[in-house]
Amino acid sequence: MKTEILKLLRETDGYVSGQQISERFGVSRTAVWKVIRQLQEEGYQVEAVRNRGYHIVDSPDVMTKEELDSLMKTKWAGRNILYYDVTDSTNLRIRQAGDEGAPHGTLAVADRQTAGRGRRGRAWESPAGSSIYMSVLLRPEISPFKASMLTLVMACSVAEGIEKSLRDQKTGGAGGTLPPIQIKWPNDIVLNGKKLAGILTEMSAQVDYINHVTVGVGINVNITEFPEEISRTATSLHLECGCTIRRSPIIASIMERLEENYETFLQTEDLTGLMDRYSAMLVNRGRDVQVIGGKETYQAHALGITPIGELVVRRADGREEKINAGEVSVRGVYGYV
Ligand code: BTN
């Protein structure tokens, strides 16, 4: 009921009376009052005015299942939420949920991870109260060879979702005081030349059949200190805009963008419908990059991406190559981008 009351308070411009709430949900006014008290204890600023009722003035950075449920506007993305104050890794929770038959679009969110995992076997530091750690379960009926493109679909959704939510939270974003959110190919989210978020995609598949895909996203939101080894290349929304950002609306906004982008992806089973937007956000485009492969490392000029998500680069001798994210990584010549 907390979720429904929160939704109603948000949807109502003025005050909503205790009587209206109790009639709408068929509960006593005492029960309504108890929920309002709980919300206030969680940090929501709910004004209670005699003879008028309740009015929500401000929602702090609350991350609970009820808060997330009350913000979700999608059909399937994030409609089944597994919320954890602490868990080992949301990717592991989603993999397990997938094995146990959870529906497409199931979302796991944690306030803290004890075994957060990054790409290439690295750890992903996941302290409490300051960042987003979330993973989504996808059940695409496509060839396993095409699954790596889902990472780029998510990158596009994360960048667009953050932009949209920052605009709604009136903290800058596109056209505001913050520089644009960008993507470092294939799937790092970048702000002001530093890493803001990372994506880890894992798949459970047979040779020709995908059981399920887990797409995990870590976003630095209100965190202000990073481990020494990444402190020069990482940033957070708080560090860049100097204000506290609410995490739950960002998650809801990313789920909206993911739902639409995923459906566009499925129409062609490639990135044709997303390429223009992805390319517009691509920080590498038009820059010199280091291509770091198993056999060789070379310098090249990044031109853009192909419909299947390869990066097109031009070598110094003029040869163009399409590079695959699984085989090489790309850095800026002078730094992270
Ligand atoms: C990267 O190395 O850039 C990818 C980082 C992905 C981190 C996220 S946090 C939520 C999810 N759970 C994990 O254990 N990892 C991903």
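Each ligand, and each atom within it, is numbered from 1 in the order the structure gives. No hydrogens, no waters, no symmetry mates; every other heavy atom, side chains included, goes into these values. Positions are given from 1, in the same order as the sequence printed here.
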Considering only NZ, NE, NH1 and NH2 on the basic side and carboxylate oxygens on the acidic side, decide whether [X] and [Y] come within less than 4.0 Å.
| X | Y | answer |
| --- | --- | --- |
| Glu229 | Arg122 | no |
| Arg117 | Glu202 | yes |
| Arg277 | Glu260 | no |
| Glu67 | Arg246 | yes |
| Asp317 | Arg315 | no |

Pairs under 3.5 Å, nitrogen or oxygen of ligand 1 with protein nitrogen or oxygen:
residue  : atom   : partner : partner atom : Å
ligand 1 : 2 (O)  : Arg119  : N            : 2.7
ligand 1 : 3 (O)  : Lys195  : NZ           : 2.6
ligand 1 : 12 (N) : Thr90   : OG1          : 3.2
ligand 1 : 12 (N) : Gln113  : OE1          : 2.9
ligand 1 : 14 (O) : Ser89   : OG           : 2.8
ligand 1 : 14 (O) : Arg117  : N            : 2.7
ligand 1 : 15 (N) : Arg117  : O            : 2.7

* Could you list the residues that satisfy side-chain contact (heavy atoms from CB on, under 4.5 Å) with Arg232, not counting sequence neighbours? =>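 Once residues adjacent in sequence are excluded, Arg232 has no partner under the side-chain contact (heavy atoms from CB on, under 4.5 Å) criterion.
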